[in-house]
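In listed order, ligands and their atoms are each counted from 1.
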Amino acid sequence: MKVAIVGASGAVGQEFLRVLEERNFPIDELVLFGSPRSAGTKYAFRGKEYEVKLLQHNDDFKGVDIAFTSAGAGTSKEYADTITKYGAVMIDNSSAFRMDEDVPLVVPEVNAEDALKRPRGIIANPNCTTIQMVVALKAIEKLSHIKRVRVATYQAASGAGAAAMAELHEQYRQILAGEPVTVEKFAYQLAYNVIPQIDVFTDNGYTKEEMKMFNETRKIMHSDVKTSATCVRVPALRSHSESIWVETERPISVEEARKAFAEGEGLVLMDDPDNKVYPMPLFLAGKDPVYVGRIRKDLTDDNGLTFWIVGDQIKKGAALNAVQIAEYLMKAGDLK
Ligand SMILES: NC(=O)c1ccc[n+]([C@@H]2O[C@H](COP(=O)([O-])OP(=O)(O)OC[C@H]3O[C@@H](n4cnc5c(N)ncnc54)[C@H](OP(=O)(O)O)[C@@H]3O)[C@@H](O)[C@H]2O)c1
């Protein structure tokens with residue numbers, strides 16, 4: 001298997017190297033790509049050094065079986081034809097193709113088989129907040145159809161990339177040293193703050209991130225579910241948290257929900273309020289599953305249930321989800 005990683009120097013690219021190594025993914029040949037900024041940089045994988053090549057419109061993708069791309073939507077759009085020209089399957093982490101009808105949008109725990117139909121050779125990895133939410137929603141949907149979702153997210157700095165995570169570290173250092181605070185990656189200082197804006201605003205007052213949660217959830221779940229989201233950046237470094245309210249067709253008891261979450265694929269139940277047990281981002285960074293806790297009946301709606309989830313958005317929300325898609329294709333005999 002010849003594997004390419006486009007955007008190898010980034011937060012997601014580096015996670016790809018860790019996840020592929022951790023899962024012992026079958027790789028005979030690995031090629032790393034980046035912009036002029038990281039071209040020539042070397043990264044270790046399974047004890048060997050690999051140099052980042054400059055991404056160009058040439059034949060570098062000849063012979064590549066899978067290309068994991070995480071270099072932003074603009075780069076994905078510009079290079080998709082070059083990457084897929086010789087038959088490589090492009091598993092793309094950007095928002096470039098997610099809502100295109102001829103591109104499947106896949107979370108293996110929910111709709112793995114959609115990955116088998118990919119006329120353009122492209123499979124899109126959903127938005128990170130949506131990935132972790134639908135893994136949890138799937139467990140409830142099995143019990144009763146979910147009609148509405150209301151969600152507030154608490155998104156870590158690293159969701160905006162490696163440089164954003166570094167900026168949060170630097171802001172705390174600058175504050176403690178009494179220095180002026182650098183604000184480049186976010187609209188405002190994030191240290192000691194929360195920012196109720198992720199991505200740009202659209203005409204209806206919701207941000208693009210919030211509209212991704214509405215649209216992508218429907219596509220992945222093949223559902224008419226409506227999602228109303230408020231996405232907030234918080235000064236956590238890694239792992240997104242979400243407070244979720246669902247309205248189902250029939251009432252679901254807390255006990256039923258607990259059982260469904262405990263048995264749900266890709267989920268871990270972490271719900272023991274008497275002992276202060278609930279998921280928190282600080283302690284769950286680097287973990288594979290989505291953790292669920294604080295499960296309660298919604299006090300305003302008999303058919304409502306509310307719960308809290310935490311997932312590592314660089315891992316399950318990006319690199320791991322993409323690698324799981326590739327593993328599914330291999331298992332299905334859909335890759336050589
Ligand atoms: N961070 C997350 O939690 C997360 C989660 C899900 C999805 N995503 C998506 O994944 C993508 C990458 O995010 P990230 O957080 O890893 O960002 P990042 O840390 O800022 O890294 C961006 C990567 O893209 C590469 N790149 C940029 N322009 C390029 C070009 N013209 N040609 C080749 N490589 C180029 C960069 O390489 P150089 O260093 O060489 O410039 C770098 O490796 C984005 O589309 C993002 O929306 C991120």
So, are K138 and E141 salt-bridged, with charged N and O less than 4.0 Å apart?
no
Considering both backbone and side-chain atoms of P36, is one of its nitrogen or oxygen atoms within less than 3.5 Å of a nitrogen or oxygen in ligand 1?
no
Which distance, rounded to the nearest 0.5 Å, do you find between the OH of Y154 and the OG of S243?
5.0 Å
Do any nitrogen or oxygen atoms of Y79 come within less than 3.5 Å of a nitrogen or oxygen of ligand 1?
no
Taking N or O atoms only and a 3.5 Å limit, does G13 qualify as a polar contact for ligand 1?
no
Same cluster or not: are I220 and I131 linked, directly or through other Ile, Leu, Val, Met, Phe, Trp or Tyr residues, by side-chain heavy atoms under 4.5 angstrom apart?
yes
Test of proximity, S95 against ligand 1: N or O pairs below 3.5 Å:
no
From atom 5 (C) of ligand 1, work out which of Q56, Q313, E78 has a heavy atom at the shortest distance.
Q313
Short N or O distance, G317 and ligand 1, threshold 3.5 Å exclusive
no
T129 and H240 side chains, donor-acceptor separation under 3.5 Å
no
How about D271 and V292: do any of their side-chain heavy atoms sit closer than 4.5 Å?
no
Are any of the N/O atoms on V6, whether in the backbone or the side chain, positioned under 3.5 angstrom from an N/O atom of ligand 1?
no
How close does the nearest protein non-hydrogen atom get to atom 23 (C) of ligand 1, and which residue and atom is it?
S70 O, 3.6 Å
Where is the nearest protein heavy atom to atom 28 (N) of ligand 1: which residue, which atom, and how far?
T75 OG1, 3.6 Å
Which heavy atom of the protein is the closest neighbour of atom 16 (O) of ligand 1, given with residue, atom name and distance?
V12 N, 2.9 Å
Mind checking whether F33 has an N or O less than 3.5 Å away from an N or O of ligand 1?
no
Ligand 1 contact by A163, heavy-atom criterion under 4.0 angstrom
no
I need the nearest protein heavy-atom contact for atom 9 (C) of ligand 1: residue, atom name and distance, please.
N93 O, 3.5 Å
